[in-house]
Structure formats: structure tokens, C-alpha cells
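Remarks on the structure that follows.
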Amino acid sequence: MKVPFLDLHAQSRRIMDEVRPQLEALIEKSAFAGGPWVERFESEFARFCGVEHAIGCSNGTEALWMALIGLGIGPGDEVITAANSFIATAEAISFAGATPIFVDIDAATHCIDPDRIEAAITPRTRAIVPVHLYGQMAEIDVLRILADRHGLHLIEDAAQAHGALDAGRGPGAVGDAAAFSFYPGKNLGAWGEAGAVVTRDGELAERLRRFRDHGQSQKYHHAMIGWNARMDGIQAAVLSAKLRHLPEWNESRRRHAAHYDHLLSEIEEVLQPVQRPGTRHVWHLYVVRVAERERLIEQLRERGVACGIHYPVPIHRQPAYAETPSARARLPVTEVISEQLVSLPMFAELEDGQVEWVVTSIRECLQVGVR
Ligand SMILES: *Cc1c(COP(=O)(O)O)cnc(C)c1O
């Protein structure tokens, strides 16, 4: 049996008939950059998030960057975040002109540890950027209290958390803004690149709408120095069609995660992911911890099971950050865990038999040699 890490083709096939007439209508109208399909998706996605405003843009990295600069974060500022993320989280902070200050994570959830944040706050700190990692919300209420106590912005990296909840509230409901990615492999993925900022702040929304279209107040009249960060119309049409299926797809991921949980509980050598009580985890990734993970991954590959590592090198240890103050961070939990992470196959269209095969293979591999 073959178990891919992710099967984008299965999902594309399923929605083809819904997307095709939309694409034909869009092409008729040449609504390629911005336009009615983008506006429709923005209002649908805002409603889905339970937040007033959604501003579509070109990708998730840009959504994070726009949220940061839209809130006035720039040169000389420090922004607190986690190092066990995709590098985009830190890049957005760096390209806003600020310095990412990495704080260690909670060993159970792998999200930023709120108890370690106050020690990292300096007079230059302007914002906290939690990452809702693997589809699970960081402790957003505690982070809000911390941010308010110190006069900081709270900007959520929700690139892996479409539909995640904490006490009934999703990304953007508690933070000043949340940034989403619609990269093809995300829980809600485009047929290309796309992203969005969601916010309850009407002024921020207005500023970002203008910014992403060259700061135009009307055609060729530029009220501010902006940027081209417009969303592609075709992506918006695809995302609208997919958004209708997202709750059902997230439910399937949750079912697969529960299945993995159940089967893996018998294997002592595998540390299972932890779901914080009161949250809805949407399982962008199902990540376990094992010793000697390279051998396990290789042996699983030989059995037709494709795994990933998210992420093998924490950002403060990346060559890209070696010459920056961010590299000085001491993050023992992040560093130890990064050597043990294995992401198992996870996507809505997985079959029960595939989940069973993954776990059977893990059991065989661990008995054959890893121990
Ligand atoms: C995917 C991702 C991003 C970046 O999104 P892009 O659309 O690829 O630019 C940022 N942060 C996290 C945590 C991600 O997983």
C-alpha cells in the first residue's frame, strides 16, 4: 500500500465540477486581478472566521507582513514569536524592519509558551506573533492579557489554522489581526498562491485594502505609498468553492487524528500530539515525536509511507538568521523537540486503511531496528 504525505489531486478532482462554471464566468469577465470573485471570497471568509473584515492578498507571508506594517511595526521594533515555525513568520517580521525575538514553546502543544513571554519583553517590544501551529490555537486569551498589559499588538499566524477554535473563537476574533495562507497544501488551499488578513479593526482593514492596491484612492491617485498585493481572481473563485467544503474536510482530518491517537496509544516509543482542552484542532499536520526519527522515516518510506518534518531546523538556527541578534535565543524545548518531530500523512481524503497501514508500519519499523 502507498500512503502519500498529502494528495492534492484527490481534492481537486472532487471540486472540479463546482469550480469550472465559476472559472468560465470569470474568464468571460476577465476579472483576473481583484474584482467580484475576490470581493465575494473576502466576505465569505470573513463570515467563516466570525470577523468583520477579510483582505485578500497574494500569499500568507505577505498577509503577515501587511498586518505588521499596517499596525505600524517597523525599524527598531522587537516582535516576540516562536522559532519552531515555517521561516515566513520571522521573515515577515524582518521585512517589516523589526527584529524577531524568539521565545520557547510549550512541550505539550508546541505553541509559544505564554509563561516565558514577559521575560522577553523590552522597551522596544511592539507585538506578539503566536503561530497556531499544526492547526491548533496558541493560548490566545492569555496572550491577549499579556499584550494588553504591556501595550503590545497581537498578530496571529493562522496559516495552518483555518477553522481552528479556542473557546469557540477562531483566528482574528481575539488578536488585532490574523494572517492566513492559502498555499495549495494548507487546509484551505488555492490552485496557486493566495493569502488574507482578517481583522475586527475597520481602520486597519481600510488601510490594508488601499495599501495592497498601490495606495490608490481612485485610479492613478495614490494617497499613500502602497504595494501590489492584490489577490488573483482565479484563486478567489477556487477558494470560494472550497470554503463550502472546509468544515467537512476539517472534520475528516479530526477523524483521522482520533484514529491515529487510538492506534498509536499502544506504541510506547511514539509520543502523540496533545490537544489543549477547550480547543478545536484542525490537524493541518499530525506530528509525533520519536527518538531516531531519520531511521524511522527512511524505513517508512521503504514501506510506501511518506512522512515530513515540520520543522527540522528552528529559525534561530537557520543560516539566514546566523548574523542577527535573533540567533542568540536559548530555546532548549524547541531545540530538543526539533530533532524528534515526524509528521505523518494527513489530509481529508485519507482512508481508514491507510491510517492503519501507517501505524502498522511504524510498529514494524520500531521493532525491526530503531529501538
Ligand atoms: C505556509 C505558512 C506561511 C506562509 O504562507 P505562504 O502562503 O506560503 O506565504 C506562514 N506561516 C506558517 C506557519 C505557514 O505554515
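Every number for a ligand or one of its atoms is a count from 1 in the order of the listing. Since this is a predicted model, take the numbers as computed values, not measurements.
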*asked:* Please tell me whether H162 and F48 form a close aromatic pair, meaning their ring centres lie under 6.0 Å apart.
replied: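 Ring-ring flag for H162/F48: false, centres at least 6.0 Å apart.
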*Does the salt bridge (charged side-chain N to carboxylate O under 4.0 Å, His left out) test come out yes or no for D148 and R144, once each step is laid out?*
CA-CA 6 Å; D148 289 345; R144 182 77 265 176; 3.0 Å; yes
With heavy-atom distances below 4.0 Å as the criterion, list the atoms of ligand 1 near [X].
{"X": "T89", "result": "11 (N)"}
{"X": "S85", "result": "13 (C)"}
{"X": "A88", "result": "3 (C), 4 (C), 10 (C)"}
{"X": "G60", "result": "5 (O), 6 (P), 7 (O), 9 (O)"}
{"X": "N59", "result": "7 (O), 9 (O)"}
{"X": "A159", "result": "2 (C), 3 (C), 10 (C), 11 (N), 12 (C), 14 (C), 15 (O)"}

_To check your reading of the model: name the closest protein heavy atom to atom 14 (C) of ligand 1, its residue, and the distance in Å._
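Ranked first by proximity to atom 14 (C) of ligand 1 is K186 NZ, 3.1 Å.
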*Closest non-hydrogen protein atom to atom 11 (N) of ligand 1, residue and atom name please, with distance?*
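The closest one turns out to be D157 OD2, 2.8 Å.
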Less than 4.0 angstrom from a charged side-chain N to a carboxylate O is my criterion; do [X] and [Y] meet it?
{"X": "R254", "Y": "E251", "value": "yes"}
{"X": "E298", "Y": "R301", "value": "yes"}
{"X": "E248", "Y": "R14", "value": "yes"}
{"X": "R212", "Y": "E42", "value": "yes"}

*Got a donor-acceptor contact below 3.5 angstrom from the W65 side chain to the F95 backbone?*
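A pair under 3.5 Å: yes.
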*Quick one: does T61 get an N or O within less than 3.5 Å of an N or O on ligand 1?*
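Between T61 and ligand 1, an N or O pair is found under 3.5 Å apart.
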_If I apply the N/O under 3.5 Å rule, does Q160 come out as touching ligand 1?_
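So ligand 1 has an N or O lying under 3.5 Å from an N or O of Q160.
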